[in-house]
Number of protein chains: 2
Amino acid sequence: MARHAQVHISTASRALGDDAAGVSAETVQRVRELAAMLGYRRDVGAAGLRTGSSRLIGVLVPRLTDIVLATIYESIDVAAGAAGYSTVVANTLDDATHRRSRLDAMLSRRIDGVIIGDSHLGDTAAFELQKLGVPYVLVMRKLEGHLSITTDDHRGGRLAAEHLLGLGHRRVGVIAGDLLASTGIERTEGFRRAFEAAGYPIDDRYVISSGFDTRGGLAAGTQLMKLAEPPTAIFAVNDFIALGAMGAIRDAGRKLREDVALVGYNDIDLAATLPVPLTSVRSELGEMGRLSVQALLQRMEGSSAESVLLPPVLVPRATTVG
Amino acid sequence: MARHAQVHISTASRALGDDAAGVSAETVQRVRELAAMLGYRRDVGAAGLRTGSSRLIGVLVPRLTDIVLATIYESIDVAAGAAGYSTVVANTLDDATHRRSRLDAMLSRRIDGVIIGDSHLGDTAAFELQKLGVPYVLVMRKLEGHLSITTDDHRGGRLAAEHLLGLGHRRVGVIAGDLLASTGIERTEGFRRAFEAAGYPIDDRYVISSGFDTRGGLAAGTQLMKLAEPPTAIFAVNDFIALGAMGAIRDAGRKLREDVALVGYNDIDLAATLPVPLTSVRSELGEMGRLSVQALLQRMEGSSAESVLLPPVLVPRATTVG
DNA sequence: ATCCGTGGTGCAATCGTTTGCAGAAGCGTG
DNA sequence: CACGCTTCTGCAAACGATTGCACCACGGAT
């Protein structure tokens, strides 16, 4: 403890405070120099015990190996850091048991707020936090009645549909992702509605649910290619699924774009550098993370915040256009 | 505090302990039931204040958006969780300033141990922890004189070289990644040595350093393709770099494998499902994470641990063989 | 009947901070 | 010179847990 060094007692605490109110400038300097000298670090945990705030924000994600979530988490961490908070992240694998135990662990650390990135239909995390009075925000996936920062997925699906319709595609397939995640649901819904409105409703056999990773895309894509009349275009609700679908198209001996066009979602960095660059619906992942922190901070200080829908943009590339 | 509920005082602490020694079975049950009823959670922070252990392991990585690191972190988190520890992860962006501040923040939380995944030549984190007496382990990248769990990168580079030599390639390029990371250095070194030994030393103009991401691979690949006599094969020290190189090869109007063969490193999931599946040197990322936790735990309990070199394996795919 | 051992419980100190309150200077003013 | 005011500093009580030690009652042995 730096104090015992040779300075006075707990006046040091004040001297090290951000404002250092009620302490002479001279003392402040002396204390700070000594602290630096001795390599003193105030114990955030102990301080939190007294103040009641851990200055810790918990982040729940399905998996960090999903680049999309990793990107969002990165921006959350940066934004939280700028506001003086640290973050803890937990993989829940879209599984109720994991979610429970990870959330429990966070609450045991007296987390100040939670950002939920893995919201799932019928999942109770948001409700539980609401009941406990712990501030929280949903990001990426939404849930009726809870504050959320997401992209306008319905509209994103529609953009993809309009793009393909414009290129003349009439028999199309959708790889829809997890049936209980709002992202998959809304993107699919927006896409189907647009085709319906244009007079080309999509048969249910052409809409296949899947995991959100490459593996899931490969499996679902293979299924689509095995249909008696395979689609001339596929909409994958995220880029990794699209990557898997690419594999399926190749395995089926078809050529990308010429035989089967492909649209992904999120526009991750590597979409543009692939051997055949991927057409994708771009969402501002970093912005989403930043806004979610901002909303959470507002909630934490008692003021209210509004849900946000970020507008998506379609980026046409070689998997759909020459 | 659950204790005031109607039970006795701090005997509750003992009753809630893992062993519950020195408490009657009856009391234990009563306390536990009541705790569950009241939704009581022991405050890990407060407990840590007393016990001196935060049961927290810090993990330093360059970036989580690098799937390789995200995969390692996931397995670290699982292994740590199994041993009763939580983890905190921090992006350091391979930048000294970030490293300092993130490590500081961790030390302020009285971290029990650190896993360093972003070791960099001339970086001081490992030395500092050593001086402070905080247990630590390096993972993925090594540093002379410090405990580390890595793959045998030198050998991995040699495997890639032997594969290409066997296919008849004589004029090859290397995209070497960061010059200060042991991974890039050793993989490149192993590769060059093997070509040298075979009688085809690689000219320095054919070895280009880069960032570890797709963007870096694209830039370096473009540079290689602009050489008067472009290489007939490229070794990229990781898969993302290879992905970028694919883009560069395409942009140069060359065909993958036929004109330019390509070998990546790490064999991430999507390497196999790409439109043109990528030949890659496989490393056991999950195993690496697990072993690093094991080694760290050993260090934390005072016993010593040995550095590990995991053996890599080359997985041939369409970017090199028909 | 006394004594000892033992299992169960309570007391109180402690971990490193923060913070309301009181006390001690220093200084200007009436 | 005394008084009040303003600064600055120290005291001590929290925050929520853990844990060595003392204490109690009870049963069995002598």
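A, B, ... follow the sequence lines: proteins, then strands. Residue 1 opens every chain.
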Considering the options Asn91(B), Asp118(B), Asp104(B), which one meets the side chain to side chain donor-acceptor pair (under 3.5 Å) requirement together with Arg99(B)? Asp118(B)
At less than 3.5 Å, do the side-chain atoms of Arg14(A) and the base atoms of dG10(D) form a donor-acceptor pair? yes
Counting only distance, no hydrogens or angles, is the base of dT17(C) paired donor-acceptor with the side chain of Arg50(A) under 3.5 Å? no
Does [Y] offer a backbone N or O that forms a donor-acceptor pair with the side chain of [X] under 3.5 Å?
X	Y	answer
Asp153(B)	Ser182(B)	no
Ser108(B)	Arg41(A)	no
Thr151(A)	Ser283(A)	no

Where the side chain of Arg42(B) is defined as all heavy atoms beyond and including C-beta, which of dT17(C), dG10(D), dT18(D) is the nearest nucleotide? dT18(D)
Minimum-distance nucleotide (side-chain atoms of Thr51(A) versus dT18(C), dT18(D), dT17(C)): dT18(C)
Does [X] have a side-chain nitrogen or oxygen under 4.0 Å from the phosphate oxygens OP1 or OP2 of [N]?
X	N	answer
Thr27(A)	dT9(D)	yes
Ser13(B)	dA17(D)	no
Ser24(A)	dT9(D)	yes

Kindly determine whether Asp66(B) and Tyr73(B) satisfy side chain to side chain contact (heavy atoms under 4.5 Å, CB included), including the steps that lead there. CA-CA 11 Å; Asp66(B) 181 340; Tyr73(B) 172 63; over 6 Å; no
Take atom [atom1] of [X] and atom [atom2] of [N], then tell me their distance rounded to the nearest Å.
X	N	atom1	atom2	result
Asp43(A)	dC15(C)	CG	P	12 Å
Leu16(A)	dT18(C)	CG	P	8 Å
Arg55(A)	dG16(C)	CZ	P	22 Å
Asp18(A)	dT17(C)	CG	C1'	15 Å
Leu49(A)	dG16(D)	CG	P	7 Å
Glu26(A)	dG26(C)	CD	C1'	14 Å
Arg110(A)	dA17(D)	CZ	P	6 Å

